[in-house]
Number of protein chains: 2
Amino acid sequence: MARTVFEKCDAITRVAEVFRELGFEGASLYEITERTGLSKGSLYHFFPEGKEGMAQEILADVDQWFVREVFEPLERDEACVAITRMWQAIDSYFRSGRRICLFGAFALDETRDRFAKPIRLYFKRWIEALDGALVRAGVDAVTARSLAEDIVGGIQGSLTLARALKGDAVFSRTLARLQRRVDDALSPKRKSPSYASTRNSLKEDCDRESGASGRRDRGE
Amino acid sequence: MARTVFEKCDAITRVAEVFRELGFEGASLYEITERTGLSKGSLYHFFPEGKEGMAQEILADVDQWFVREVFEPLERDEACVAITRMWQAIDSYFRSGRRICLFGAFALDETRDRFAKPIRLYFKRWIEALDGALVRAGVDAVTARSLAEDIVGGIQGSLTLARALKGDAVFSRTLARLQRRVDDALSPKRKSPSYASTRNSLKEDCDRESGASGRRDRGE
DNA sequence: TCCAATATATACCATTTGGTCTATAGCCGC
DNA sequence: GCGGCTATAGACCAAATGGTATATATTGGA
């Protein structure tokens, strides 16, 4: 019987991926052991609090990543640099729309009450950090707040659409659109409608019949 | 033993509400019987296919509602009238953000594969119908498509945010913002940044500490 | 090299799960 | 008012669930 040794951080990312695929309720311990390769023994060694503990640690881990890669830069660094960095970080984190947001997913299903606080804090901090950066970049207060909310919400919505339409082009298009909207807010001279020129064959997603419905690629 | 007689359509709306609250996996038959008042016998009388059958019929029912109240008007009626009607229908359907979208929720969790087709068709039709109406209203093709996607995705995202932040103001603000964006696309003269003047105290949602975390009001 | 500490694998357990079956309450046509 | 039929209630069941206990393999330090 081959014994594989795991690092806890590795366990966290693996289990996180299962939660992303199946949701909290849908991720049975059987599925988790099966998909991660970790036995129950290992899982309960790393997460003595069981499934709920896994979810908590995973959310904390994701949050930490966002704090480091997105929130703190937005709060601390030069605004435009931080915002540019955000677009890159988001696109890479969500794998161009193939990955969903655990906080968003948990917000919708039954788990929302159990993890309400971290979920709320995550979105609150994101919106506020972005808001602050926009203001520092010269956007007026009211517009900044609204734009920040628009962006964070828009990203979540596009992740839903990407999953629903089974295509990730919608995610890239949305990021591009939101990015343009920020640019427009920063240089209010030329007023393109902030749409148009998002040229990734818009019908692509909707028109595919069902695609590869088998195992979903899990990024890396 | 009091025996209550139910109509099937009543059963559908009740069970739908439970799925909205708990998600597909989270809605155990126990919770369903408890919250709807329908016994297992009644449930399996109405839905011989069990939970999966319930979900299918419920999705079909929701879809039907949207077809009647939103999609067909968008496809058929005078564009501006239909779009105005859409904002009202959406706001009332989602109870100003207190209710989530079953299609969106199912798209994210494990159930997505099981109900992939209706989910995809729902979003596809919504986007295309809105796209078409915008074009008929005089918006150029590329902008219309992008705007339609923006709106449908934005609504989904704001529902996630509303749940996450435990406040529905974000939903109303988003609807107002999207509505303004359509208005701007229709009358490209005055170019307000399509933000600003969304005056519902933007910090409201984020700042509350935890609020009434007990049973969520279930609309009517 | 040996031993203690630790991490893994898996058998096992009580509970809950979705689903079925039986009994019966209430409604309908007559 | 009566009898058959339908819809409801709830006991019941096998399977799956989250969680625990035990046995064992591996590691690192003395």
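All chains are named by letter (A, B, ...) in the order of the sequence lines, taking the proteins before the strands, and each is independently numbered beginning at 1.
- For D:dT8, the OP1/OP2 oxygens have no side-chain nitrogen or oxygen of B:S39 closer than 4.0 Å.
- Interatomic distance, B:K117 NZ to B:L59 CG, rounded to the nearest 0.5 Å: 14.5 Å.
- Atoms OH (B:Y44) and C1' (C:dC21) sit 13 Å apart, rounded to a whole Å.
- Residue-level contact check: B:S28 touches the backbone only, with heavy atoms under 4.0 Å from sugar-phosphate atoms and none from bases.
- Counting to the nearest Å, the C1' atom of C:dG18 and the CG atom of B:L22 are 16 Å from each other.
- As a whole-Å value, the separation of B:L29 CG from C:dT15 P is 20 Å.
- In this structure, B:E49 atom CD and C:dG18 atom P are separated by 16 Å, rounded to whole Å.
- Residue contacts for A:A11: at a heavy-atom cut-off of 4.0 Å it reaches no nucleic acid atom on any strand shown.
- In this structure, CE of A:M54 is placed 9 Å from P of D:dG18, rounded to the nearest angstrom.
- One finds no side-chain N or O of B:T4 lying less than 4.0 angstrom from the OP1 or OP2 phosphate oxygen of D:dT8.
- No donor-acceptor pair closer than 3.5 Å links the side chain of B:R163 to the backbone N or O of A:A107.
- Taking the nucleotide of DNA chain D with the nearest heavy atom to each of A:G41 and A:Y30, the more 5' of the two is matched to A:Y30.
- Among the protein residues, B:F46 comes within range of the sugar-phosphate backbone only, with heavy atoms under 4.0 Å from sugar or phosphate atoms but none that close to a base.
- Atom CD of A:E34 is separated from atom P of D:dG18 by 14 Å (rounded to the nearest Å).
- Classification of A:E17 and A:R35 as a salt-bridged pair fails, no side-chain N sitting under 4.0 Å from a carboxylate O.
- Within the 3.5 Å criterion, the main-chain N or O of B:D77 finds a donor-acceptor partner in the side chain of B:R136.
- Taking atom CZ of B:F6 as the reference point, atom C1' of D:dT6 lies 16 Å away to the nearest angstrom.
- Per the geometry, CG belonging to A:L43 stands 17 Å off P belonging to D:dA21, to the nearest Å.
- Nucleotides of DNA chain D nearest to A:P48 and A:E31 differ in position, and the one nearer the 5' end is that of A:E31.
- For the pair A:R14 and A:E7, the salt-bridge criterion is not met [side-chain N within less than 4.0 Å of a carboxylate O].
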